[in-house]
Colleague: 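One structure is given below, represented as structure tokens, and several questions about it will come after.
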There are 4 protein chains.
Amino acid sequence: MTGATDFHEPFDINDDTLREECGVFGILGHEDASALTALGLHALQHRGQEAAGIVTFDNEQFRAERHLGLVGDHFSDAETIGRLTGRAAIGHVRYSTTGETILRNVQPLFAELEGGGIAICHNGNFTNALTLRQQLIRDGAICQSTSDSEVVLQLVARSREQKIVDRFVEAITQMEGAYALVALTSKKLIGARDPLGIRPLVLGDLNGAPILASETCALDIIGAKFIRDVENGEVIVCTSTGIQSFFPFGKCPARPDIFEYVYFSRPDSIVGGRSVYDVRRDMGRELARESHVDADVIVPVPDSGVPAAIGYSQESGIPFELGIIRNHYVGRTFIEPTQQIRALGVKMKHSANRSQIEGKRVVLVDDSLVRGTTSVKIVQMIRDAGAKEVHFRLASPPIKHSDYYGIDTPVREKLLAAKYGLEEMCNYIGADSLAFLSVDGIYRAAGYDGRDNENPQFTDHCFTGDYPTPLTDLSEDQDFVSAPRLVEVG
Amino acid sequence: MTGATDFHEPFDINDDTLREECGVFGILGHEDASALTALGLHALQHRGQEAAGIVTFDNEQFRAERHLGLVGDHFSDAETIGRLTGRAAIGHVRYSTTGETILRNVQPLFAELEGGGIAICHNGNFTNALTLRQQLIRDGAICQSTSDSEVVLQLVARSREQKIVDRFVEAITQMEGAYALVALTSKKLIGARDPLGIRPLVLGDLNGAPILASETCALDIIGAKFIRDVENGEVIVCTSTGIQSFFPFGKCPARPDIFEYVYFSRPDSIVGGRSVYDVRRDMGRELARESHVDADVIVPVPDSGVPAAIGYSQESGIPFELGIIRNHYVGRTFIEPTQQIRALGVKMKHSANRSQIEGKRVVLVDDSLVRGTTSVKIVQMIRDAGAKEVHFRLASPPIKHSDYYGIDTPVREKLLAAKYGLEEMCNYIGADSLAFLSVDGIYRAAGYDGRDNENPQFTDHCFTGDYPTPLTDLSEDQDFVSAPRLVEVG
Amino acid sequence: MTGATDFHEPFDINDDTLREECGVFGILGHEDASALTALGLHALQHRGQEAAGIVTFDNEQFRAERHLGLVGDHFSDAETIGRLTGRAAIGHVRYSTTGETILRNVQPLFAELEGGGIAICHNGNFTNALTLRQQLIRDGAICQSTSDSEVVLQLVARSREQKIVDRFVEAITQMEGAYALVALTSKKLIGARDPLGIRPLVLGDLNGAPILASETCALDIIGAKFIRDVENGEVIVCTSTGIQSFFPFGKCPARPDIFEYVYFSRPDSIVGGRSVYDVRRDMGRELARESHVDADVIVPVPDSGVPAAIGYSQESGIPFELGIIRNHYVGRTFIEPTQQIRALGVKMKHSANRSQIEGKRVVLVDDSLVRGTTSVKIVQMIRDAGAKEVHFRLASPPIKHSDYYGIDTPVREKLLAAKYGLEEMCNYIGADSLAFLSVDGIYRAAGYDGRDNENPQFTDHCFTGDYPTPLTDLSEDQDFVSAPRLVEVG
Amino acid sequence: MTGATDFHEPFDINDDTLREECGVFGILGHEDASALTALGLHALQHRGQEAAGIVTFDNEQFRAERHLGLVGDHFSDAETIGRLTGRAAIGHVRYSTTGETILRNVQPLFAELEGGGIAICHNGNFTNALTLRQQLIRDGAICQSTSDSEVVLQLVARSREQKIVDRFVEAITQMEGAYALVALTSKKLIGARDPLGIRPLVLGDLNGAPILASETCALDIIGAKFIRDVENGEVIVCTSTGIQSFFPFGKCPARPDIFEYVYFSRPDSIVGGRSVYDVRRDMGRELARESHVDADVIVPVPDSGVPAAIGYSQESGIPFELGIIRNHYVGRTFIEPTQQIRALGVKMKHSANRSQIEGKRVVLVDDSLVRGTTSVKIVQMIRDAGAKEVHFRLASPPIKHSDYYGIDTPVREKLLAAKYGLEEMCNYIGADSLAFLSVDGIYRAAGYDGRDNENPQFTDHCFTGDYPTPLTDLSEDQDFVSAPRLVEVG
């Protein structure tokens, strides 16, 4: 399966979810605040490609631009950056899983408060957002978006606290789930990470200007210094006079999402003190140890499988070759393909490099397996190119459970590993053999001896079903089939 | 002066107002609800050219389309109409006077309520909207638009009443100013007109489907029957089983805005039982009686001065000729003219028809005089074409006071008649003589013997300074320089 | 019938014609050459709305911009004008009658010659263009456009003459039909009018810079002086040192197209020494004399019928009123109407002004009758508004013959007057009476005692069938079903 | 240096050249001709990203679509493909090196001939095109494009031969330089390769339909079978009844361009019987043998350096790691960057993967070095990431001479290796050591023992200065500063 394909492109999952994958960025006290935010978001583009937004504050007004599409397409010209005046800015890239990819859902969201205003952006998913939203509407709130993130904003607006930080803390203590939040007021840049630290958030510095970002690669692109991870459960408040930390939930052990290593973060980012590339390559090494097979060539499924394939090759000694060539011009192409083009399927993006395949025993390495529909085509393509054997290796355990913390996964029934056993999966995909990395193997690649089942070091429910927070909106008592909604059809 | 020019095109007035000119339309129980609404809005396009929106209800969901631009450009294709499914629809055309011509201000506005949803659109202006808005924000409301119309929606959402009509009535009884409102819920089409009936609203019928619209021309275009004016202070509730009327303010004498006759309504509409064309032509007749001048030709300033010029010619016996030719292709052209093009000014739109002007004594007839900047150019153009004399005649009294009820007027200091006396104005414009219709003259053209100063039959503050409602937001106690706002810059 | 409607909007005529209506403009020796050309074309926009183009020469290169759409939409911004550097410019507005409204057909056309280059634009139609084109292709020419105008360019390129004016004259002496040509070389601005002067062309002057334009209104908009008409059969060559005239065909009597007065030219233009507005209004006066009817009101079909209706009212003494109101926002709206919207037809553009119609005997006045399809709807609309009687009056004779000189007319079978007699037409349209202006009547309105049948003063074949030039391409010997052509489909 | 960057993106070279890099495709006798052509062009997209065009023949007309931009953006929707009816099609992707990226230069070009029509597209460059063009204009031809390819079309049109193939052959025998041509007439699909076979062209088959394409990857994407290379100097004519070959230049030894292996062709293509990937990886192996250095890690410059880096790692035993991460969202982003963004330069596209660099001796491998500007930045980025040593290795010889056969190279003065010796280049780039593959080394990688200096097996002038054809347009006798040209400015 190609994580890249299945995760990064729209597919039909069950509608009416609010969850999303996202990247956040914020900076305070720099004259190029909006340009630097645009660059930071560009580096975080892999976390969300459907929309992007930036809000700045220029000591008089908040200024917003929100666009569907890529950062580079909408925030790279001098005119746009010139409109976003001010020395403070926050921004967001978004990948929505629902049909509601509309402008009013694009973050940052903003609320005018009595004494000022606040803009908020959010990576993650609140697992009690629908429940709270229903209560807010009952109390007379008007929700303009269908984003779960708006609930935080409504709670901030309704708080009776005087100080904005107190209002913000009052709001997030009502929220369940996973979040990395970045907020901007007329004086403060605020960051917050959920009590378990499921979604990542780092603190950086550029010539004295504090920066908050989802990943370190957003610091690297602008030449900023990495200071530290924002801790799990930490609220961090940056002002012109310094940085303060609060732990409204007390201190508790972190459980960051292991999926950031498997697929989500960029390979050059440092997440939780570990190089993502190193972990990913070491997954390949562990995989080679766990499920060796005699073969002639190690072929990565591009591009997501490359680091693990390199590790697999290094551990096994079998040569690494580019047996599949990726067409670089697919980005936004063939959006509305004809049936003829559709039928040719995977070839729009990948083609077999026959000289490396023909007559050979091939080990295909990918990062993860979701629905398996692409894997079927990849295996077939390799066979068509004349492979003698095709062995499929996945550098992560079987995904058997949906995510509710901001990673876009299909409903459980569509997860191949939730439906089938190993042999059935192998048959379905058409490989000669199939193997996954074990749960302990992935923990080893991340630097542990294995999973501590008493106090797991990571959030890993997709593999284990062990959800670390309540899933209130999913409880059977809830009934959200309430009122007719507004659909922006055009 | 050319009302057409000064009113229908953006000019710099003082910022930060919320007022707007608009047209509204609604229909319940017709399978072509959205197409008919698009047509109705097209007929009302003269009431607002900057944006248009339609919301339908299809028994499951509300469906919305909102666009900057003309109805014909965004709501005339089969695909758009096809997306707006449902047998009930309301729509809005808008002309904003501020820089905030942004999508989130385009109506209808929508609120999801506990038991349903409500979409609202509004023609007019609330004179206490800023005051109420400040209170709402203090109470934790998040205002997504900067439109005064959103205040009604917030009040409906916060009402503790159970029934939607009661919530709606509770909301409007808190509002001051002028309004014709049309609202749509999952079961009802609701209309409301302010206690004085300042802004117009009519009830029509198409094969049993009730229709609400700003003017009768919106009924004519779809072949619907005109039933009656919605009365001043009336709340009218249409459901599938019939129509009910409420008078939450009790019954009181009406004072519709006389400016609908002067300039605003379409000539083929029937407003308050009178043909707008007849009243407008009769203004020309009254004007000819009041301020006769010996001349060779009556020339209208196109197109707004045509009916009055016809009346003036009929009464005076002086021939009516098209002495000014209008370029029909100006609509949306020369948006960003070069300085060279700008300098040629009025000629982009109008040109003198020299054969009717040269060597003649010309009476120029226009509907009204606002700032006078265009009139200066028109008079000069007529002189350049060789006129022997130029007499300027205005078919309405001098405009000395700003409007706060939904008609877009400049601040008082920019109104020519607020600054200057008759002779000064005549000099400024460069005419040989200048005359306005008297206040009593305009009442006579509208069918009365004159203005009843005890109980004026019309809202006529632009001429008289007699504002018929409180202007709360303008009171000196108010201070709206509160919090920083969000500006959507892109 | 509404000339405006039938002429100015696309309708299905027989395909594969090359003819077009157009406007041309040229100026030499002015620093604002391109801006002035844009303004001149804007004033000529009524002659062609589908495309516009400008070519300048800046002493180094020719510079071209060509766009589908209106002048004001594509040539009004400072950036575009700034790109069109140079002190000499020519431009063109075009209305094509075929499906081939593609960029490569948009004029001016250009040819690089050995010693320089030449740009040409053309109003009119060559009646032997297809014949010549076939010969050129046989000789190895590659025709990039499907425009008949390219033939002139090919002939200029192939001429063995040394001097550019000689090459130009050699080319036009091979052409038959109607033309007003404007050409630009690196040193010269050249104009030419066909031997009969069928299509108009005038010479103007702006501070010493010579100007060529289709109509005087293009001089008025830029404040230029009208010098004289270019004569029939005249080639006029403007250089920095003066203006020269040539008459390669010798001197012969002119026969300008009478249709410029009926419908085509702008009312404020002076064509052949006569005010178009005066002639058009006098057609109404003649019509009133020829076919009086007792009635209560004279109603013009807007806007093309207005001048004649004014004349009719003046002559008959019956009041002129705006009984039909035109919706000003139709310009480019409802391009792709739904079937529902289409069915409502004429109401998109016009509505009856009931107060002027109901219970009255109405004389409807229009300029001309082509296919009659719109007239049927107009009459029905007036009846629906309650008219007691509807009398239809046309201010020109019946159109019984197609045009081949650059005016877009349907094939003969679709011309109502070619199919039916007067009574049948009256029945078809649904009027109580129908009358046309006589052929002599239209000559009287144009200042003659009547038509001189020996030497007709005008080209009037649409009324009389008297075509003044050979129609070579139409001769039965010709067979143009030759080679497959290229169709630019996207 | 990153060949990818320097070759695939616009940079300022000397203007007024006509040369271009391109890809061509043609198919005859398949019902999905246009869809298959679109797919083939998509696979050839790396050969030209600025424009694409397709012409089909549907037994009645030729149908054309030409667009600036990517194939996937303009030819992937059902509507476009539906307009391109017919069972025969040719297409082109284009990368122009001049400012003239305008629609009229986009191929296929078309000429209507007496008995039919012909569409042509071209990959390569004619070295006598300007000379011939000047002669054609002198003879009365009108050149609509500024493309050198139009000269062929003009020669075909002017040929006095009767048969289209004879006309085509007569035309190409007048041309010098490099070309792979594909042409379509109403009956024939024609291909031609220059006498030396400098540019590639292959013959394929899909269920009996012959296909011509620049590379085999265009066959693979549609599942077509590779038949053979079109030979050097071969004219191949496909009709419904079969395929015929002509050798109008006689048989002579081939000298294909070695640069197709170095950089230009896609790695999965088979060019001249060799896998491009194999040759490219073996260049890395040869390079490792020729210029070994002790190091800790082999890092490719993505993506062009990857195959050579794999080969280098395999031969040297030093581990291959992704030390530079490429941002996948750069495709068309940051087109108009602000100065701030520009200053951050290379980081928009690449970032150092610090965990693989810090404290290590790094061998950077790229395919070729052109101007060196990007290499400077890459080396600096690697140093900034903490590399102990940086050794730069190029898998091809120094480029010392410009190309005139269709590959876009800067003028000689801008080629780093034309200006500097090895040590100077190393200093300029800032590396600890620098080495290029030798000329014999690259021939070894391509399967020979070395270069046969008597009869070189490849066209390799960029490395050796040995141009295999006359360069007529460059001769000092020529003077092309002739006539003013037309510049399409908008």
Colleague: How many angstroms lie between atom CD of D/Q144 and atom CD of C/E150, to the nearest 0.5 angstrom?
Modeller: 5.5 Å
Colleague: Please list, chain by chain and in numerical order, all residues satisfying side chain to side chain contact (heavy atoms under 4.5 Å, CB included) with C/S34, sequence neighbours excluded.
Modeller: C/T56, C/I81, C/L84
Colleague: By a 4.5 Å heavy-atom criterion (distance strictly below it), what part of D/V156 contacts chain C: side chain, backbone, both, or neither?
Modeller: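 Neither; nothing under 4.5 Å.
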Colleague: State which residues pass side chain to side chain contact (heavy atoms under 4.5 Å, CB included) with C/R158; sequence neighbours excluded, sorted by chain then number.
Modeller: C/L136, C/D139, C/A141, C/Q154, D/R158
Colleague: List the residues meeting side chain to side chain contact (heavy atoms under 4.5 Å, CB included) with C/A111, not counting sequence neighbours, and say none if there are none.
Modeller: C/L113, C/I118, C/L153, D/I142
Colleague: How would you list, in number order, the residues of residues 159-170 of chain D that have a heavy atom less than 4.5 Å from chain C?
Modeller: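 Within residues 159-170 of chain D, the residues that come under 4.5 Å of chain C (heavy atoms only) are D/R160.
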